[in-house]
Amino acid sequence: MVKSALSRTTIYILLSLGAVLMLLPFVWMISTSLKAPNEVMAMPPVWVPSEWKFENFTEALKVAPFDRYFINSVIVTIVSTIGELITTILAAYAFSRIQFFGRDIAFAVLLGTMMVPSEVLLIPNFVTLSNLGWIDTYSALIVPWTASVFAIFLLRQYFLGIPKELSFAAKVDGCSEFKFLWYVMAPLAKPALITVELLKVINSWNAFLWPIIVTNSQELRTLPVGLSAFTTEAGIKYELLMAASSMVIFPMLILFFIMQKYIVAGVARTGLKG
Amino acid sequence: MDVYLDNLTMEFQDIKAVDRLSTTIKDGQLVSLLGPSGCGKSTTLMLLAGLYKPTSGDIYFGEQNVTKLDAEKREIGMVFQNYALYPHLSVLKNIMFPLRMQKVPKKEAKERAIEMAELVQIGHLIDRKPGQLSGGQQQRVAIARALVKKPKLLLLDEPLSNLDARLRLEMREEIRRIQQEVGITAIFVTHDQEEALSISDRVMLMKNGILQQDSPPQDMYRNPINSFTASFLGNPPINFIKVTKTDQQGKYKIMNSSQLIHLAKDIDMGQIQLGLRPENIYITNKEDALMTGEVVHLETIGRDTLIRVKIDDVTIRALIDPATDIHVGERCHIGIKQEHIRYFNIENGANLERGNSHDGQANMEKHA
Amino acid sequence: MMDKPTWKSTLRAFLYLLPALLILIVFNIYPIIKSFLMSLYTDYDFYNDVVYEYGLSNFSDIFQDPNFIKAIVNTTVFVIGVVPVSIVLSLAIAIMLNSKIKALSFFRTIYFLPFVTSVVAVAIVWGWIFHSDYGLLNYFLGFFGIDPIEWLTDPTYSMPALIILSVWKGLGFNIIIFLAGLQNINKQYYLAAQVDGASAWHRFLSVTIPLLSPTMFFISIISIINAFKVFDEIFALFNGRPGPANSTLTVVYYVYQKFYEEWEFGLASAAAFVLFIIVFLFTLIQLSLGKKFVHYQ
């Protein structure tokens, strides 16, 4: 419909210009991360390093234990995602397939909590965690994030769309309710589960405010926390800072390139219900 | 294995979906549960499957009371209207599913599943996903899955209604063939009277949760227990005319008409309802005629010619010999053999001639 | 199965719900109540978890705190700076992407990239771009004869820097949602408008905009709510400070300062509660007005 208003060529030029602006920070990050120190501060800027300094990455690892941060991020992300997967499947099943007293009220209360920004819960949760003695432990990083109302809501909607006859058929086939959930319902909901859990992985990997508050020791830093601390540790060595930033950003970029379909579908769906 | 239902009742809120249903289904028979939608036939099937638990009454499989037994322990197979195949599993895995649930070793399960796939003639499709199959093929998979664990009872819930007309005909013959080959007791729910009459050893006709008649198909057709049964079976439907007794012996006046008709049977009632099947009516001469009227409609469908004859305010449908030379607007005399006339009580619809015992009738009385 | 709830089914459901409920009650529901209560703690010993006094003084205190007022003002400026720009840009890009161009998924991927990346990491990259002497941005501005700007150290420019970063980061999310909204519009409306002789611009005004209004409304509210919660970018862009001279001090940053740096739990909770009320109001607006004033198809 814009076709007649703007020419095709104009559209391509504008979109490409925008794309360049979107990519520029990434390009600049990679370019800087591979430069020798004298080229980093060169004016006019050097776009392609004359010599590719992959050592910057090993150098950054020497200044701060990014390998350790990386492992922490992986542990926190994987465990909290698996935890959320389990709690979500079980809860979504109950809300979609079992009639029980107080179901609608319980569901409404849970949906209501989605309105409360997680920043508001920070302080009481910090108090709870310190009472539990969990401050500065993996538990503090993981356990509070092993259940999500958003995920339960989304999966419940998906489950409701699975025909009831299927559960009848499974019962007749001698399948218990629990087996039915794991062998039939969960595999059928795979697209929805992948979408929900990918968004979870991204959020968990990039989380910052929560980990800086509940951890103090260097051994427990996740990548974003470690990176933030690194800005003071590395001083003004931008090539190291950019190398470190790349290490934080790349895993999610790779995940995005592989699973793009699901992530885009997930985001589009959150918009359509609005 | 015989199946006994004893005063089976199922209530949803205030509605009695099944009302004191008692019957016996004999080993190896294929029995149809027939009736209009909402008559309780599907609920009855769900009760037999154990997917619903009855409000009262009992279900026996052979000697065993299974009323309280859960579906997964009843050793039944079930085929659903929308097939209910597991969309994420291949055909082979779908058929193997019940066996895997019984912890049958994988190798044996696979062999039995393939054998069953061959029986229902989908052996060449076992690696496909259900979404890649046609409706008829999916239904065959569903039948194979229901039969693979050698159930004691096969339940089919409107299995043909999602298929197109031609396939429906083919699949109903297939279901009959497979049922007889396996020799399993089967219960078949349908709202299609033709399906029920063609496929089953016995038909159970239900209305508003109550079993109306329980007899072999031809018996039910020829000798309906009441006017509901008579009207539900047959296409085009049976003609009903109301008549009033006159002073003349054997002469009855058609209501809303001045014509008198002669009935051989003497019924001791002022008013009765007569049932005349369209295919029993023929065109005849004045002497032999039961009634005389004007042809208002004529159509030829395949081998039959259907006419509608108007006798004052009463319209009669008749299937006649296509060779008959008759046209719309002409007057004609229609006749019927006296033994083809059915007599019903005008108040409660009961067949006034039925005093003699029939199979289904006996069944019902035994438990009543 | 489809029958009425019984105590047995309730018990069964409870077992399925138990793991999720345990986590959600402890870390989501209880803290909502607790955070409200904590905002009323006027005298509190955190180490022994003893409350000596309740009262409303925390609220009067924060509203008399010039920093809190500044945080509210800054947050509002941030919202006004980010939301309209982001919506106009993302709508324009989405419409261009939706005009049957060939490289749709290629462009979509590029615009969406920032969404999946760590805010902290990209803020550090942008910090380098904003560098006053060696930053790319000042280098490019130099082409237009603009003198180098102290993006991160001059209080006048720190907020614009933050806004640029946030628009860049959030663009992809909005584009995806707008695209979904656009693809949801039935093509027949355009054909009908075309038959009626509407020009391209007219069709945009009379078909696209009204039919896209639910999506625009949704994005506006979500953007406003998210903008109110901005923290990570500030922390990373300004090295753990709320900008030069508190020029990018926002509500969440204020909460963080009071709570984590000054250990003032009562004040921090009160500020968090104010944030909650603001977000809650926008959510309510979305829920109630959304259905009335917006054209749903």
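Here is the naming used below: chain letters follow the sequence lines, and residue numbers restart at 1 for every chain.
- Interface remark: A:P251 contributes no atoms to any contact with chain C (heavy atom separation under 4.5 Å).
- Residue contact with chain C, scored on non-hydrogen atoms closer than 4.5 Å, involves the backbone of A:L21 exclusively.
- Contacts between C:A13 and chain A at a heavy-atom distance below 4.5 Å involve backbone atoms as well as side-chain atoms.
- Figure legend: cation-pi geometry between A:R156 and A:F107, with NZ or CZ positioned under 6.0 Å from the six-membered ring centre and within 45° of its axis.
- Contact annotation for C:T283: only side-chain heavy atoms (C-beta onward) come within less than 4.5 Å of a heavy atom of chain A.
- The part of C:Y30 that comes within reach of chain A is its side chain, from C-beta onward, which places non-hydrogen atoms under 4.5 angstrom from that chain.
- A donor-acceptor pair under 3.5 Å is formed between the side chain of A:R103 and the backbone N or O of A:I98.
- With a 4.5 angstrom heavy-atom cutoff, C:K8 does not touch chain A via any of its atoms.
- Contacts between C:D133 and chain A at a heavy-atom distance below 4.5 Å involve the backbone alone (N, CA, C, O).
- Heavy-atom pairs under 4.5 Å with chain C were tallied for A:W47, A:W145, A:F250; the largest tally goes to A:W47.
- In this structure, chain C has a heavy atom under 4.5 Å from the side chain of A:L129, while its backbone stays farther away.
- Using a 4.5 Å cut-off between heavy atoms, C:F235 contacts chain A through its side chain alone, with no backbone atom that close.
- Interface remark: C:V116 contributes backbone and side-chain atoms alike to the contact with chain A (heavy atom separation under 4.5 Å).
- Interface remark: of the candidates A:A91, A:G18, A:P144, A:A147, A:P144 forms the most heavy-atom pairs closer than 4.5 Å to chain C.
- In this structure, chain A has heavy atoms under 4.5 Å from both the backbone and the side chain of C:Y111.
- The residue among A:M247, A:Q260, A:E84 with the most heavy atom pairs within less than 4.5 Å of chain C is A:Q260.
- Residue A:T128 touches chain C through its side chain alone, counting heavy-atom pairs closer than 4.5 Å.
- Looking at C:S199, there are no atoms closer than 4.5 Å to chain A (heavy atoms on both sides), in backbone or side chain.
- Interface residue C:Y256: only side-chain heavy atoms are found under 4.5 Å from chain A.
- Using a 4.5 Å cut-off between heavy atoms, C:L171 contacts chain A through its side chain alone, with no backbone atom that close.
- Contacts between C:V125 and chain A at a heavy-atom distance below 4.5 Å involve backbone atoms as well as side-chain atoms.
- Of the atoms belonging to A:L110, it is side-chain heavy atoms, and not backbone ones, that fall under 4.5 Å from chain C.
- Under the 3.5 Å distance criterion, the side-chain polar atoms of A:K35 are matched with a main-chain donor or acceptor of A:V46.
- Heavy atoms closer than 4.5 Å to chain C are found in the side chain of A:V248, but not in its backbone.
- Heavy atoms closer than 4.5 Å to chain C are found nowhere in A:L255, neither backbone nor side chain.
- Contact of A:F101 with chain C is made through backbone and side chain together, with heavy-atom distances under 4.5 Å.
- Chain C forms the most heavy-atom pairs under 4.5 Å with one residue out of A:I213, A:I202, A:T113, and that residue is A:I213.
- With respect to chain C, the highest number of heavy-atom pairs below 4.5 Å among A:S246, A:A244, A:P25 belongs to A:P25.
- The part of A:V109 that comes within reach of chain C is its side chain, from C-beta onward, which places non-hydrogen atoms under 4.5 angstrom from that chain.
- Using a 3.5 Å distance cut-off with no hydrogens or angles, the side chains of A:E239 and A:S33 do not pair a donor with an acceptor.
- If you tally non-hydrogen atom pairs under 4.5 Å between each of A:F126, A:F178, A:W205, A:F95 and chain C, the highest count goes to A:F126.
- In this structure, the portion of C:W126 lying under 4.5 Å from any heavy atom of chain A is its side chain and not its backbone.
- In this structure, chain C has a heavy atom under 4.5 Å from the side chain of A:L181, while its backbone stays farther away.
- Both the backbone and the side chain of C:V122 have a heavy atom closer than 4.5 Å to some heavy atom of chain A.
- For chain C, the nearby part of A:S130 is the side chain; its heavy atoms alone come within less than 4.5 Å.
- A donor-acceptor contact closer than 3.5 angstrom is absent between the side chains of C:R203 and C:Y190.
- If you measure heavy-atom distances from A:F256 to chain C, the contacts under 4.5 Å come from the side chain alone.
- Residue with the most contacts toward chain A among C:L37, C:I93, C:I101, C:L18: C:I101 (heavy-atom pairs, distance under 4.5 Å).
- A:M41 touches chain C through backbone and side chain together, each having a heavy atom under 4.5 Å away.
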